[in-house]
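Chain letters run A, B, ... following the sequence lines, proteins first and then strands; every chain starts at 1.
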Amino acid sequence: MTADHTPAENTPAVTSRMARLFDVRYVIGGLLGLYGVVLVIVGLTDGPEQYAQAAGFAVNLWTGVALVVVAVAFLLWASLRPLGIEVDAEAEDLAAGPPT
Amino acid sequence: MLRLDLGWLDYTLLAVYFVVVLGIGVVARRAVGTSADFLLAGRSLPAWVTGLAFVAANLGATEIIGMAANGAQYGVATVHYYWIGAIPAMVFLGIVMMPFYYRSKVRSVPEFLKLRYNNQTHVLNAVVFAVASVLIAGVNLYALAIVLQALLGWPLWAGILASAAVVLIYIGAGGLGSAIYGEVLQFFIILAGLIPLAIVAVRSVGGFGELGRRVEASALGPNGLHAWSGTGVGDVSNPIGANWIGIVLGLGFVLSFGYWTTNFAEIQRALSAKDRSASQRTPLIAAFPKIFIPAVTIIPGLVALVAIPNFGNDDTGGLEYNDAIPALMGQLLPQGVLGVAVTGLFASFMAGVAANVSSLNTVVTYDLVQPYLARGRSDAYYLRMGRVVTAGGVLIAVGTAFLAAGFNNIMTYLQSLFGIFNAPIFATFILGMFWKRTTGWGGFWGLLSGVVAGTAVFVLSKAGVLTFGSDIEVTFYQAGAAFFVDVIVTVLVSLFGRAPARERLAGIVYGVAGADGVVPTIKQPREAVWWRRPILLGGLALALTVVLNILFA
């Protein structure tokens, strides 16, 4: 190994500002939720013309409902297990198991 | 010509997505303090984030548009790209190779070659990767602009510049972190558009049974519904045009192991995971969505084939295979979900460009500038360099995109040529990780001759000297040639040279203890809970794949 190469020096500290600054689960939940609510509203107002285009399937309504369900799941996950707690839980797992 | 009729609502949904992505970039910028934050996302992300980014980084233009086109052209056998092509390689990466990558603390794929081989091998790989990434980013930008032009009527130059500007802003600000968060978001949006499209598409032709009957009656014939039927050696009647040996060895082994286990744009996602276990789980978590993605790409391709008159016959004025997904979107989706689907399509194109650019800036900064061109500067210098390379890379990609607009065929060739480069790198890695005797120059000459061999097969097939069953078969054989020539040359050159010093192997080659006394093996880390065990996750993915292969044989 050459002297100028020391990747270990460049390894960042364990804590990351990126992870703490914002929780991407809220972003996913928020965007999918917004899309879902919009599609449900559109779906409820869709007429026979829209149904005919999509082979008789209420595609806006059902896509909207599915998006809302996924969004609620992400928001629940994020609020029930906030970042700090999850990090601690993993740290305990590591402490409990023998080093590999 | 194909033109989508988007309403104000669809445009609003599209605009909201771009506001959110740019917002991620702006917020992520505040988290970037060091070059490692910018180029490696601080090595801090949980496995589900890196796993979804891993699959999404590949869910770009080639995947969505291209696999639907393959579905229409080659039928159900297109699943080989997923179930033989991707899954075994992803499981192998997670269980066997990732421990070596993560342990060695390298920041890029080329850097591993520097540790294990020599500076020449390192520079060869880094330069080839950098050139390939920037050109592929350009091709992706061009492909995106074509879609913008065709679907929305934007002029080509406006499409190229607008998409380049968005990528520049959010990668330039937040680096790899915002690229990865953007990819995770894109993963969900693309599925939110493609799943409803696939459902409506199947209903529109009268259900799966009717779809099957009409595919059998189409140009694909009965084997169009089968992955393995008609792939016997010497008796190939499957539309994919290759026998099972070519599929298993060419696509399944060489081509896909080369792509999934050494392509830095992918590995980078796993390297940014927060610990070794999370890095191993990255490709394993990615494998599960990957198994089911063919349902939303191949099915629309088949529906387009049977439902759109004259489809795939562009000589006679029919739509091209590549139009399968956009054409069905315009035909079947009403306003609202159409906006989500269009957003997903653009998001996937943009994520492809972002993945190219965010891996390019890491390789140029950490593999070319820091060790060779400007050594020993402050970290702030390399952070600034990372941003400069990002801007420069986007600019060159824009240039390449305009070049591609002028010389369309040349870009197609370039793209398939770069496909060659991954196969020999895989050979070089496997020999380096598991055979102590492999020398620095063995690695260098093996890699170089592998690339030359792959290129030779490609050129000879284009010149008509070698003939193959299909374009797909050409790629299998060029990758195979690249791989085996690399292995033979590496082994021969290594045996004639002096065995490498033990210090060079320490901690990065199988069975050779590192300075910290830890011996690298493929022994799996102990996990407190079952769903974090790599062997279990990988085994489950493989078992699912075997079942699906039998069902669709």
Review point. Checking side chain to side chain contact (heavy atoms under 4.5 Å, CB included) for the pair Y181(B)/V27(A): CA distance, chi angles, key distance, verdict?
Key: CA-CA 9 Å; Y181(B) 283 176; V27(A) 184; over 6 Å; no
Check your understanding: Between F188(B) and F74(A), how do the two ring planes meet: parallel, tilted or perpendicular, split at 30° and 60°?
Key -> perpendicular
Check your understanding: Measuring heavy-atom distances to chain B, does I41(A) have an atom under 4.5 Å in its side chain, in its backbone, in both, or in neither?
Key -> neither
Review point. Tell me, side chain or backbone of L191(B) under 4.5 Å from chain A's heavy atoms, or both, or neither?
Key: neither
Point to revise | Within-4.5 Å side-chain heavy-atom neighbours: W62(A) and V337(B) | key: no
Check your understanding: Of the backbone (N, CA, C, O) and the side chain (C-beta and beyond), which part of L9(B) lies under 4.5 Å from a heavy atom of chain A, both, or neither?
Key -> side chain
Study note, to complete from the structure: d(I199(B) CD1, T63(A) OG1) to nearest 0.5 Å is 7.0 Å
Study note, to complete from the structure: Residues V200(B) and A55(A): closest non-hydrogen pair is O-CB, 4.2 Å
Point to revise | Residue part contacting chain B, namely of L31(A), when any heavy atom lies under 4.5 Å | key: side chain
Study note, to complete from the structure: In short, L39(A) meets G336(B) closest at the heavy-atom pair CD2-C, 3.3 Å
Revision key, fill the gap. Smallest heavy-atom separation, P334(B) atom then N60(A) atom, equals CG-ND2, 3.8 Å
Study note, to complete from the structure: Okay, S277(B) and chain A: the region with an atom under 4.5 Å from a heavy atom over there is neither
Check your understanding: Which answer fits V42(A), side chain, backbone, both or neither, if we ask what part of it has an atom under 4.5 Å from a heavy atom of chain B?
Key -> side chain
Check your understanding: Do side-chain atoms of Y35(A) reach the backbone of L13(B) as a donor and acceptor pair under 3.5 angstrom?
Key -> yes
Practice item. Identify the heavy atoms of P196(B) and V59(A) that sit nearest to each other, and give their distance. Key: CB-CG2, 3.7 Å
Review point. Is it the backbone or the side chain of Y382(B) that comes under 4.5 Å from a heavy atom of chain A, or both, or neither?
Key: neither
Check your understanding: Would you call V49(B) and V24(A) a side-chain contact if the rule is heavy atoms closer than 4.5 Å?
Key -> yes
Point to revise | Engaged part of V205(B) at the chain A interface, taking heavy atoms whose separation is under 4.5 Å | key: neither
Check your understanding: Taking it one step at a time, do F57(A) and V202(B) satisfy side chain to side chain contact (heavy atoms under 4.5 Å, CB included)?
Key -> CA-CA 11 Å; F57(A) 183 58; V202(B) 171; over 6 Å; no
Revision key, fill the gap. For Q53(A) and Q331(B), the nearest pair of non-hydrogen atoms, with its separation, is CG-O, 3.2 Å
